[in-house]
**Q** 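One structure coming up, written as structure tokens, with questions to follow.
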There are 2 protein chains.
Amino acid sequence: MSDEKTRMAAYSALTEFLERKRLRKTSERFHILDKILSMPGQFEVEDICKAMADDAYRVSRATIYNTLSLFDECGLIRRCPSTDTRARYERAAYATSRFQLVCLQCGKIKDVKDAELARQISARRYSAFHPSEFSLMVYGICSRCMRHNKKRTINTTNTESTVRIKKQ
Amino acid sequence: MSDEKTRMAAYSALTEFLERKRLRKTSERFHILDKILSMPGQFEVEDICKAMADDAYRVSRATIYNTLSLFDECGLIRRCPSTDTRARYERAAYATSRFQLVCLQCGKIKDVKDAELARQISARRYSAFHPSEFSLMVYGICSRCMRHNKKRTINTTNTESTVRIKKQ
DNA sequence: TTTACTGCAAATATTTTGCAATATC
DNA sequence: GATATTGCAAAATATTTGCAGTAAA
């Protein structure tokens with residue numbers, strides 16, 4: 001689908017939802033939707049705040065929180081499971097059946113396409129559960145870290161304290 | 001493995017890690033480890049705090065946070081991806097290759113065993129990535145919600161505001 | 001004796017909420 | 001005009017940190 005078509009589809013979906021629920025079509029909601037459509041992949045509340053500020057469009061943080069909840073509820077976006085403290089979201093269009101390789105060492109995430117495996121997973125039936133999509137994360141060590149590890153002798157006398165680990 | 005053997009193994013693993021890193025074998029660390037071993041599945045910081053309090057063992061919250069980070073780092077537990085604000089952990093022994101059905105409506109999670117599918121996933125090779133385990137989450141609607149949905153006529157004139165959604 | 005570790009309280013970070021002002025219907 | 005929505009600031013919740021005292025090595 002072209003960008004413009006995607007945008008139109010998202011606008012209609014939101015409009016339809018708001019009308020059905022008798023909610024208001026505020027400019028904030030559509031501006032935030034625009035920003036979401038411009039996000040390349042997963043995003044955080046902060047990303048939307050920044051994007052709005054870059055646009056010199058003033059919205060309160062609370063409104064962004066509320067709007068993201070609303071969009072999650074109406075299915076335009078989805079809150080992703082994350083190992084982090086902050087909420088992460090992604091567009092629902094992207095949410096369909098993810099398959100990723102996660103390096104346990106450097107944390108890098110790589111998207112993988114494997115239609116055959118996807119087909120096999122989707123083909124499974126579990127009693128009366130009605131599946132719609134899946135998320136397969138394969139954990140391990142990426143090639144880069146693997147090479148890196150081989151070069152090093154393993155340090156067993158590391159003295160640095162590991163107790164208070166800073167975030168990023 | 002019997003409970004006692006599991007406990008001994010975990011104790012040795014922690015002891016080995018602490019010695020290797022020249023960290024101290026404090027009673028807090030082993031007490032918290034005990035509590036973790038008694039947790040049935042995933043747990044939160046709060047669960048450990050409660051368990052310690054039930055035991056009338058006083059530890060500060062900060063120590064629990066630090067200890068969980070430490071255990072995560074040494075591989076005894078793992079921080080789980082979660083849709084929630086709070087950090088969730090689980091024992092590493094449980095972390096190996098999870099397969100779960102997640103109901104998008106009620107949020108219930110069901111563990112599934114499917115050795116055949118697990119085998120198929122493990123059999124895949126992706127360039128130089130070295131997999132160790134995987135996590136497959138299948139999203140959909142559980143049988144209970146499905147039955148429940150059928151009983152209802154769909155309410156399209158819902159007027160209630162959806163803007164501020166309370167947590168649980 | 002040295003210094004890693006703990007508890008405490010204060011600081012940060014993230015999200016939610018009450019309320020008055022505003023804008024949609 | 002009625003009331004859903006917003007912004008703001010304050011509250012609530014989750015996590016981290018500085019520091020002085022305690023205890024493991």
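Each chain gets a letter, A, B and so on, in the order the sequences are listed, and its residues count up from 1.
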**Q** Does OP1 or OP2 of D:dA23 have a side-chain N or O of B:Thr26 closer than 4.0 Å?
**A**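 Answer no for this pair, as no side-chain N or O of B:Thr26 is under 4.0 Å from OP1 or OP2.
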**Q** Distance check needed: D:dA4 P versus A:Phe17 CZ, whole Å only.
**A**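 So the CZ-P distance, A:Phe17 to D:dA4, works out to 15 Å.
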**Q** Determine: side-chain N/O of A:Tyr65 to OP1/OP2 of C:dT15, distance under 4.0 Å, yes or no.
**A**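 For A:Tyr65, the contact criterion (side-chain N or O under 4.0 Å from OP1 or OP2 of C:dT15) is met.
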**Q** Taking the side chain of B:Lys25 as heavy atoms from C-beta outward, which of C:dC5, C:dG7, D:dA25 is closest to it?
**A**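 That would be D:dA25.
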**Q** Using a cut-off of strictly less than 4.0 Å, decide whether A:Arg86 has a side-chain nitrogen or oxygen near OP1 or OP2 of C:dA13.
**A**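 So the side-chain polar atoms of A:Arg86 never come under 4.0 Å of the phosphate oxygens OP1 or OP2 of C:dA13.
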**Q** Under 4.0 Å between a Lys/Arg side-chain N and an Asp/Glu carboxylate O for B:Arg7 and B:Asp34?
**A**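 A salt bridge is present here (some side-chain N lies under 4.0 Å from a carboxylate O).
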**Q** Would you kindly give the CG-to-P distance between A:Leu18 and C:dT24, to the nearest whole Å?
**A**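 Value for this atom pair: 13 Å.
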**Q** What is the distance, to the nearest angstrom, from the CG atom on A:Leu68 to the P atom on C:dT14?
**A**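 Computing the A:Leu68:CG to C:dT14:P distance gives 15 Å.
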**Q** Would you indicate which nucleotide in C:dA23, C:dG7, D:dT15 comes nearest to any side-chain atom of A:Arg24?
**A**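 Of C:dA23, C:dG7, D:dT15, C:dA23 is nearest to the side chain of A:Arg24.
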**Q** Nearest-Å distance, NZ (B:Lys21) to P (D:dA25)?
**A**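 Answer to the nearest Å: 17 Å.
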**Q** Determine the minimum heavy-atom distance between A:Arg29 and A:Leu14, stating which atoms define it.
**A**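 Minimum heavy-atom separation between A:Arg29 and A:Leu14: O-CD2, 4.1 Å.
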**Q** Could you tell me whether A:Glu46 contacts a base, only the sugar-phosphate backbone, or nothing, with contacts defined as non-hydrogen atoms closer than 4.0 Å?
**A**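 No contact at all - A:Glu46 keeps every heavy atom at 4.0 Å or more from the nucleic acid.
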**Q** Under a 3.5 Å distance rule, please check whether A:Asp72 uses its side chain to pair with a backbone N or O of A:Leu68 as donor and acceptor.
**A**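 Checked: no pair found.
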**Q** B:His31 has an atom NE2; how far is it from atom P of D:dA23, in whole Å?
**A**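 To the nearest whole Å, that distance equals 14 Å.
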**Q** Without decimals, in angstroms, what is the distance between B:Leu70 CG and C:dC5 P?
**A**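 After rounding, the gap between these two atoms is 8 Å.
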**Q** What's the closest nucleotide to the side chain of A:Thr85 if the choices are C:dT16, D:dT15, C:dT6?
**A**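 So the side chain of A:Thr85 is nearest to D:dT15.
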**Q** Looking only at the side chain of A:Leu23 (C-beta and beyond, no hydrogens), which of the listed nucleotides D:dT16, D:dT5, D:dA24 gets closest?
**A**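 In terms of side-chain proximity for A:Leu23, the closest of D:dT16, D:dT5, D:dA24 is D:dT5.
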**Q** Whole angstrom is fine here: how far is it from CD1 in A:Ile64 over to P in C:dT14?
**A**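 To the nearest whole Å, that distance equals 14 Å.
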**Q** CG of B:Asn66 versus C1' of C:dC8: gap in Å, rounded?
**A**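 Rounding to the nearest Å, CG of B:Asn66 and C1' of C:dC8 are 13 Å apart.
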**Q** Inspect the contact between A:Glu46 and A:Arg61 and indicate whether a charged nitrogen and a carboxylate oxygen are less than 4.0 angstrom apart.
**A**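 A:Glu46 and A:Arg61: salt-bridged.
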**Q** Nearest to the side chain of A:Arg61, heavy atoms from C-beta on, is which of D:dG7, C:dT24, C:dT15?
**A**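 It is C:dT15.
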**Q** Do the side-chain N or O atoms of B:Ser60 get closer than 4.0 angstrom to the phosphate oxygens (OP1, OP2) of C:dT6?
**A**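 For C:dT6, neither OP1 nor OP2 has a side-chain N or O of B:Ser60 closer than 4.0 Å.
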**Q** Between D:dA4, D:dT17, C:dT15, which nucleotide gets closest to the side-chain atoms of A:Arg79?
**A**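 Nearest to the side-chain atoms of A:Arg79, counting from C-beta on, is C:dT15.
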**Q** Between C:dG7, D:dG7, D:dT5, spot the one nearest the side chain of A:Val59, thanks.
**A**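 Per side-chain heavy atoms of A:Val59, the pick is D:dG7.
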**Q** Could you point out which residue of A:Asp54, A:Asp55, A:Asp47 forms a salt bridge (Lys or Arg N to Asp or Glu O under 4.0 Å) with A:Lys35?
**A**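 Result: among A:Asp54, A:Asp55, A:Asp47, A:Asp55 is the only option passing the salt bridge (Lys or Arg N to Asp or Glu O under 4.0 Å) with A:Lys35.
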**Q** So, for B:Cys80 and B:Tyr89, which heavy atoms are closest and what is the spacing to 0.1 Å?
**A**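 Scanning both residues, the minimum pair turns out to be SG-C, 3.6 Å.
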**Q** Should B:Arg29 be listed as having a side-chain N or O under 4.0 Å from OP1 or OP2 of C:dC5?
**A**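 Answer is yes, contact under 4.0 Å.
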